Amino acid sequence: MSTPTPTREAVDAYFAQAAEITVAAMRAGTGGPFGATLVRGDEVIVSVGNTVLRDTDPSGHAELVAVREACAKLGTLDLSGMVMYATCEPCPMCVGVMMWAGIRTCYYASTRDDAAEHGFSDLHLRRFLDGSDTSTMDLVHLTEDRDESAQIWTEFRALQG
């Protein structure tokens with residue numbers, strides 16, 4: 001991957017925007033201690049804080065919110081060429097959404113260990129995904145009598161023309 005290295009001043013500005021909106025949300029009681037700025041070239045597309053508390057939504061992580069807002073703002077699902085600046089190391093869900101959107105570079109400051117020290121551990125999720133701990137969730141593949149699910153794919157193909 002060959003994303004040009006941003007200047008120190010640019011990095012500082014992107015992280016400052018994310019931190020400012022995050023602190024404001026924490027003080028208002030509407031967000032947790034995570035923020036993100038999404039940039040295309042030298043243009044800030046969005047700068048957001050975590051919205052988990054505001055929206056009562058466990059998926060309201062800052063990186064995911066940034067992707068949602070950027071996609072809506074730009075009218076596209078493709079955020080290729082954009083760079084994410086996250087105040088903390090993204091969780092697997094956020095990494096996944098960034099990958100789905102085509103974001104190939106994410107700079108982050110605090111680590112997953114820093115987050116865990118403050119009560120925000122995602123280790124259970126990381127262990128589930130790497131297969132080392134399956135006790136947190138039963139993921140059961142039903143293979144019989146699921147014709148309605150197969151029909152969805154048939155309908156999808158038909159709609160694709």
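These numbers come from a predicted model, not from an experiment.
- Rounded to the nearest 0.5 Å, atoms CG (N50) and CD1 (I21) are 11.0 Å apart.
- Put simply, CZ on R104 and CE on M84 are 15.0 Å apart, with the number rounded to the nearest 0.5 Å.
- No continuous path of ILVMFWY side-chain contacts below 4.5 Å connects V39 to V46, so the two sit in separate hydrophobic clusters.
- Residue L159 places its CG atom among more than 12 non-hydrogen atoms of other residues, nucleotides or ligands, all under 6.0 Å distant.
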Test log, rule side chain to side chain contact (heavy atoms under 4.5 Å, CB included), inputs W100 and L79: CA-CA 9 Å; W100 280 112; L79 302 180; over 6 Å; no
Worked verdict on R146 versus E148 for side chain to side chain contact (heavy atoms under 4.5 Å, CB included): CA-CA 5 Å; R146 296 285 42 101; E148 67 280 356; 2.5 Å; yes
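- A continuous path of Ile, Leu, Val, Met, Phe, Trp and Tyr side chains, each step under 4.5 Å between heavy atoms, connects V48 with M98, placing both in one hydrophobic cluster.
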Under 3.5 Å, which donor-acceptor pairs link side chains of residues 63-75 to any protein atom two or more places apart or in another chain?
from, atom 1, to, atom 2, distance (Å)
R68, NH2, S59, OG, 3.0
K73, NZ, I45, O, 2.8

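- For the residue pair S80 / D78, a side-chain donor-acceptor distance below 3.5 Å is found, with atom types taken as modelled.
- Cluster note: F120 groups with F34 through ILVMFWY side-chain heavy atoms spaced under 4.5 Å, whether in direct contact or through intervening members.
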For residues 131-143, tabulate all N or O donor-acceptor pairs below 3.5 Å that involve a side-chain atom, not counting sequence neighbours.
from, atom 1, to, atom 2, distance (Å)
S132, OG, R127, O, 3.3
S132, OG, D130, OD1, 2.6
D133, OD1, S135, N, 2.8
D133, OD1, S135, OG, 2.6
D133, OD2, S135, OG, 3.4

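- Counting non-hydrogen atoms of neighbouring residues, nucleotides and ligands closer than 6.0 angstrom, the CD atom of E144 reaches no more than 12 such neighbours.
- Y14 places a side-chain heavy atom less than 4.5 Å from the side chain of D42.
- Contact annotation: the side chain of M99 approaches that of V95 to within less than 4.5 Å [non-hydrogen atoms, C-beta and beyond].
- Contact record, A115 with C88: CB-SG, 3.9 Å, taken as the closest heavy-atom pair.
- Residue P6 comes nearest to V11 through the heavy atom pair CG-CG2, 3.4 Å, listed as atom of the first residue, atom of the second, then distance.
- Among all heavy-atom pairs drawn from C106 and P90, the shortest one is SG-CG, 3.7 Å.
- Through chains of ILVMFWY side-chain contacts below 4.5 Å, V23 is grouped with M26.
- The side-chain heavy atoms of T154 and R157, taken from C-beta on, include a pair separated by under 4.5 Å.
- In this structure, CZ in F15 is found 7.5 Å from OG1 in T87, a value given to the nearest 0.5 Å.
- Going from atom CZ of R27 over to atom OG1 of T22 covers 11.5 Å, rounded to the nearest 0.5 Å.
- When all heavy atoms of A18 and A36 are compared, the closest pair comes out as CB-N, 3.6 Å.
- Using a 4.5 Å cut-off between side-chain heavy atoms of Ile, Leu, Val, Met, Phe, Trp and Tyr, with links allowed through other members, Y107 and V44 fall into the same hydrophobic cluster.
- The structure places CG of D113 at 7.5 Å from CD of E89, a figure rounded to the nearest 0.5 Å.
- For Q17, there are no side-chain hydrogen bond (donor to acceptor under 3.5 Å, both in side chains) partners, not counting sequence neighbours.
- For Y108, the ring-ring contact (aromatic ring centres under 6.0 Å, His included) test picks out no residue, with sequence neighbours left out.
- Here the shortest heavy-atom pairing between P58 and V52 reads O-CG2, 4.1 Å.
- Judged by distance alone, the side chain of T51 and the main-chain N or O of R54 form no donor-acceptor pair under 3.5 Å.
- Atoms CG and CD, on D114 and E117 in that order, are 6.0 Å from each other to the nearest 0.5 Å.
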